Every structure is written in C-alpha cells, then in structure tokens.
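Quick caveat, the model's predicted, so the values are computed rather than measured. Residue numbering restarts at 1 for every chain, and letters A, B, ... go by the order of the sequence lines.
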2 protein chains.
Amino acid sequence: MSPARRPRAKSRAQRNGKAPRKGALKAARPIAREQITERTAERSLVISIPRLFLYHRGLEDALRAGDKVLTSQELAARIGRGMSSTQIRKDLSYLGSFGRRGQGYDVTVLVKKLGRVLGLDRDWRIAIVGFGNLGHALGTFLELREEKFHIAAIFDSDPQLVGSTWHGVTIRDETELEAVLPELGCGIGIIAVPASVAQRVAERLVRAGVGALLNFAPVNLSVDAGVAVRTIDLASELSLLTHHLS
Amino acid sequence: MSPARRPRAKSRAQRNGKAPRKGALKAARPIAREQITERTAERSLVISIPRLFLYHRGLEDALRAGDKVLTSQELAARIGRGMSSTQIRKDLSYLGSFGRRGQGYDVTVLVKKLGRVLGLDRDWRIAIVGFGNLGHALGTFLELREEKFHIAAIFDSDPQLVGSTWHGVTIRDETELEAVLPELGCGIGIIAVPASVAQRVAERLVRAGVGALLNFAPVNLSVDAGVAVRTIDLASELSLLTHHLS
DNA sequence: GTATGTGAAGGTGTTCACAGCC
DNA sequence: GGCTGTGAACACCTTCACATAC
C-alpha cells in the first residue's frame, strides 16, 4: 500500500483497532424468538435481482438500437431514474468480469449472461386460476406478447366457462386442479380469483406442485417457505400514487 | 445514565471519541458529477409507505375479525412474512404515539390515522388510456371492487371503441386527451397501451394535468420530477418468479 | 486518455435492549 | 406481569476513490 493513497477519513477499523467486520457474515446471530417465520431464506446480498432486470431490459433496448458495446454510463443513462454507473459496475462485477477496461461491455455477451442468471433462457408453463376479466386479460397479454410464457392450464369455477377452450386450452373446473395440474408441469400459477378464496387456491396450487405464485388478490398469502409469491395489488398501487398526490 | 445499562459492545462514538453522527443529516454532500439526474427528491427516511399499506390492510382485517385492540406482535403475525413487531412499533412511532403501553393499539384509531396519512380518506378520479383487454379488465376491477376509485375518462385509438360508453363513461379518441382531460379533474392516469406509444401517452397525460401514472407497459417512463410513476411489468414479475424456480 | 473492477467509506434502514408506562 | 416507544448498535447497500487494464 503506497503512501498518499487514502485522502479520506481514516477507516473505521483503523480508528478503533478492530478487525474488518465483513468476514463473519452474520454467523452466530441469535434466532428470533418472537416469530416462527423462517428467516427469509433469500440471500440478496448487495446485488438485487429486480435491478438485474432493469439492466437486461436496457441492454435489449440498446441491442435493438444497434449498439454493440455499451459503457456503464451509457447503460445508466438509458435506464434513467437514479441508476448510477457505479452501481451497475458493482452489480455486474458479482457475476464476473465481462467488460473491457477502457472500452465498455459487449452487449450481446452481457444480455446472454444476464438472461441465463435471470432464467430468461427457458420457456415456462403457467396455470391461471380465475378466468374472469382480469385472468382473461392477463392470459391474452402473455399469450400474445411474451414468447417465454405459455398458458398451459386454466381453471375457473363458473360453469358457463368450464368446458370452453381458449387458444387451444380447455378451461377446467377448479375442483379438478389437483387431479390435472401435476402432469402439466406448470411451475407458475397466476391467482386471479376474489380475495376470499385466494388463500385456498394458493394452497391447492402449491399442493399440485406449483413453485411460484403471482397473486392479484389483495391478501397476504401465506404459503410454505420455498414457494415464491409476488402479489400485485392494484388498489395498493393506486393508493401509493394518491399518497404522492396529497 | 445508570451503570450496568450497556451490556453490548461499546458504542462506536465512545470507542473513537467522535460525536454521534446522526445530527448532520447529509448537509454538505458534494453534488454528483457524472450524472445530471436530479437527486431523487423523495425522502423516505426510515419509514416506508408500502409498509404502512400492509399495516393498514392488516388492521382492516383485524377490524373485520372483531378485534378492538391489537398488539404489535399480533399485527405482525397477521401480516406474516418477515414483519417484526419492532419494525411496526418503530414505524408507527413516527406518526405519533397511538398505542397504550401494556395494552396495544386501538384498531379503529390507528386505521383512521393510517388512512389519513395514506390518502385513503378521499375519492379519486382516474383516466384510463388504452381500453383493450387489459384496460378493460382494470377498469372493471376498480369500478366493482374499489369504492375510492372512479373511472372518469377512457381513451383509446381504436375507432371501433370510440364513441361507445362503458359504465356511463364515453370512450373518447386518444387525440382528444388534452382537450377533454383537464376539466375532468383526474389525478391519476392508467397507461394500458403498447410499449411503443407509452412514453408519448405519459407525456400527454402529464401535460393534461395528471400527477400520477400507473403504467402497465414494459418501459421505463421518463417524466418530469414531481410526477409519480409506478410501473407494473407483468413480464418482469413473472421473470422474478422464474428466477426463484431455477 | 478512457472505462472497468473493487476495497473501503459512507448512509440508510432494521434490530436490539431497555426505559417508561399501564 | 405485559407492551409501547426509542436511542444506540448493527447490518446492509451505495458511493467513493483509485488501481488496473485497454
């Protein structure tokens, strides 16, 4: 370590003579007593997955625009809103070294790498439960716009709907869920049913082998640890916006 | 300060003789050089709005279940997933002292307080741009399920739709947006148009006086600071789930 | 020169531990 | 006894500053 290398304040470790703390990695933390909830299980550690999606989208845009090489600054500018080039470099460095110093990042290489990390290089089969207005709209949207996602099963409790087909998929009665779903190999379930039955539907989907749920009912689903849940609550989203307005 | 009050490690301030740091509040930070982006502007400071919505929903559930008083632990259990009672108490303490020590929180008082903070005690008028499958589903959902939100204007570019009415609202041509919208007093705009035109629609909504946007197009909208934007990107949500599965 | 990659510093949000009160 | 409210401790994530590489 050469002299004149640390013009900022002295490091905390130097000041108090303690060894750097990062090594321990929360080894012996006392287990929380007041809650049975398992301790998150998800280790996001510095790099955040949602941010990687932003990068991926930005890079895809750049690719469409014809860029072959992109610097972290250019990517940050493309993404906009508060993304710093440093943050991008830091995140990407956790996936390995893909850039060339002095040049930037090869767009195709990086898109491919991110795609693999994010699981975008595979196709996914989806089951929709609840094929009313919302379920129908979601299905249409995905079927038309997203090549990676295929609607492989549809369930509803409305006798008027059950039996008809939609884009080649037969709409089945909700009671058949456990019987039919396992052999269809759907990893993802979309819950577009009223709030009152959402929890029950979630449990049944999980029992049928679905490992991830996208929930549009305004309830906090509780499912086994190991099952991923994302809830999109339109009312909450709107309320967030109103909060900003007042 | 009595003796025997600090069994944990000595405070950083004590160890290195520095005064507590929290006072300064990032006063003279050098302005970022490499980006023109304005410095977030949003101060969330410890308490997070989305979390308050969780509390609000949990309390409403409790109210429906007949609870009059709730402890922070009970609320945490009701919300589930990684909410700690400490976190709840800390957040609520920023809004004032509403609990009774030894007892808990009065549910009705707290619901009302949170509702006021979150802007849930008012009605809101919404404009929907793009009335295809998704726009239609969103409109129906809100009209039927959410009393606080009223669809007050609908725009589409499809001549087949323009002119017809839906729940008493006439569907207008998108070109009329600037002419019609200002006098309808819509604070919120929902963007349910294809990604390719979303940015343009956003700009026009903002010019027509809309202060908050809920965007379903998979693009990062860039709008004036001061306009709130929430983007719900179904593809990204699904991709997040797939990441969990692989 | 330019841009990446990365330890260390710096802030921010969460958790702890306990005083205060019922 | 129980539960709230809160300063301080802590862990996490972001930003800085600079060595390294092109």
Side-chain angles (χ1 to χ4, degrees), chain A residues 1-2 4-15 20-22 24-27 29-30 32-35 39-40 43-48 51 69-76 82-106 110, chain B residues 1-2 4-15 20-22 24-27 29-30 32-35 39-40 43-48 51 69-76 82-106 110:
Chain A
M1 200 193 287
S2 59
R5 206 203 129 186
R6 198 118 299 283
R8 302 235 301 220
K10 270 186 239 163
S11 94
R12 213 133 61 199
Q14 282 176 283
R15 273 177 301 182
R21 67 205 146 85
K22 248 334 172 5
L25 204 68
K26 69 146 76 170
R29 200 72 123 47
R33 303 149 306 176
E34 75 184 38
Q35 267 186 268
R39 280 218 147 270
T40 30
R43 298 283 300 123
S44 73
L45 191 59
V46 181
I47 190 169
S48 95
R51 221 156 47 211
V69 172
L70 213 65
T71 68
S72 55
Q73 281 193 41
E74 289 167 333
L75 181 55
M83 275 307 313
S84 76
S85 61
T86 305
Q87 179 79 75
I88 292 174
R89 287 204 302 281
K90 193 72 161 176
D91 285 341
L92 294 180
S93 79
Y94 283 93
L95 306 177
S97 290
F98 296 99
R100 242 169 271 179
R101 301 184 181 207
Q103 252 62 52
Y105 296 89
D106 183 307
L110 200 49
Chain B
M1 200 193 287
S2 60
R5 206 203 128 185
R6 199 118 298 284
R8 300 236 300 219
K10 270 187 236 161
S11 95
R12 211 133 64 200
Q14 283 176 284
R15 273 177 302 182
R21 67 207 145 84
K22 248 334 171 3
L25 205 70
K26 72 145 77 172
R29 187 95 113 35
R33 304 148 306 177
E34 76 182 38
Q35 265 186 268
R39 278 211 153 273
T40 28
R43 299 283 300 121
S44 73
L45 192 60
V46 181
I47 189 169
S48 97
R51 222 156 45 212
V69 172
L70 213 64
T71 69
S72 56
Q73 281 193 40
E74 289 167 333
L75 182 54
M83 275 308 313
S84 76
S85 61
T86 305
Q87 179 79 75
I88 292 174
R89 288 203 303 281
K90 192 73 162 177
D91 284 342
L92 294 181
S93 78
Y94 284 94
L95 306 177
S97 289
F98 296 99
R100 242 170 270 178
R101 302 184 181 207
Q103 252 62 52
Y105 297 88
D106 182 306
L110 200 49

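When the C1' atom of C/dT6 is taken as reference, atom CZ of A/Phe98 falls 16 Å away, rounded to whole Å. Counting to the nearest Å, the P atom of D/dT4 and the CG atom of B/Asp91 are 14 Å from each other. Between the CG atom of B/Asp106 and the P atom of C/dC22 there is a distance of 16 Å, rounded to whole Å. Between A/Leu92 atom CG and D/dT15 atom P the separation is 15 Å, expressed in whole Å. When rounded to the nearest whole Å, the span between CD of B/Gln87 and P of D/dC10 equals 18 Å. Here the C1' atom of nucleotide D/dT4 and the CG atom of B/Leu75 are 14 Å apart, to the nearest Å. Per the geometry, OH belonging to A/Tyr94 stands 10 Å off C1' belonging to C/dG7, to the nearest Å. In this structure, A/Leu95 places its CG atom 11 Å from P of C/dG5, rounding to the nearest Å.
Within the structure, every side-chain polar atom (N or O) of A/Arg100 is placed at least 4.0 Å from both OP1 and OP2 of C/dG5. For the pair A/Gln103 and D/dC22, the criterion of a side-chain N or O lying under 4.0 Å from OP1 or OP2 is not met. When the side-chain nitrogen and oxygen atoms of A/Thr86 are compared with OP1 and OP2 of D/dT15, none of them lie within a distance under 4.0 Å. One finds a side-chain N or O of B/Ser84 lying less than 4.0 angstrom from the OP1 or OP2 phosphate oxygen of C/dT15. Between B/Ser72 and D/dC3 there is no side-chain N or O to OP1 or OP2 distance below 4.0 Å.
Closest to the side chain of A/Thr71, from the set C/dT14, C/dA3, D/dG2, is C/dA3. Closest to the B/Tyr105 side chain, of the nucleotides C/dA3, D/dT4, C/dA8, is D/dT4. Closest to the A/Lys90 side chain, of the nucleotides D/dG5, D/dT15, C/dA3, is D/dT15. Here the nucleotide nearest the side chain of B/Arg89, chosen from C/dT4, C/dT15, D/dG5, is D/dG5.
With sequence neighbours excluded, no residue satisfies salt bridge (charged side-chain N to carboxylate O under 4.0 Å, His left out) with B/Arg101. Contacts of A/Gln87 classified as side-chain contact (heavy atoms from CB on, under 4.5 Å), with partners at least two apart in sequence or in another chain: A/Arg51, A/Tyr55, A/Met83, A/Ser84, A/Asp91.
Summary of the strand contacts: B/Gly102 and A/Gly102 both lie near DNA chain C, and taking for each the nucleotide with the nearest heavy atom, the more 5' one is attributed to A/Gly102.
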Q: Before giving the answer on side chain to side chain contact (heavy atoms under 4.5 Å, CB included), spell out for B/Glu74 and B/Tyr105 the whole-Å C-alpha distance, their side-chain angles and the decisive distance to 0.1 Å.
A: CA-CA 10 Å; B/Glu74 289 167 333; B/Tyr105 297 88; over 6 Å; no
Q) Where do B/Ser93 and B/Arg89 land on the side chain to side chain contact (heavy atoms under 4.5 Å, CB included) test, with the steps shown first? A) CA-CA 6 Å; B/Ser93 78; B/Arg89 288 203 303 281; over 6 Å; no
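Taking both residues in full, the closest heavy atoms of A/Ser85 and A/Ser72 are given as CB-OG, 3.6 Å, listed atom of the first, atom of the second, then distance.
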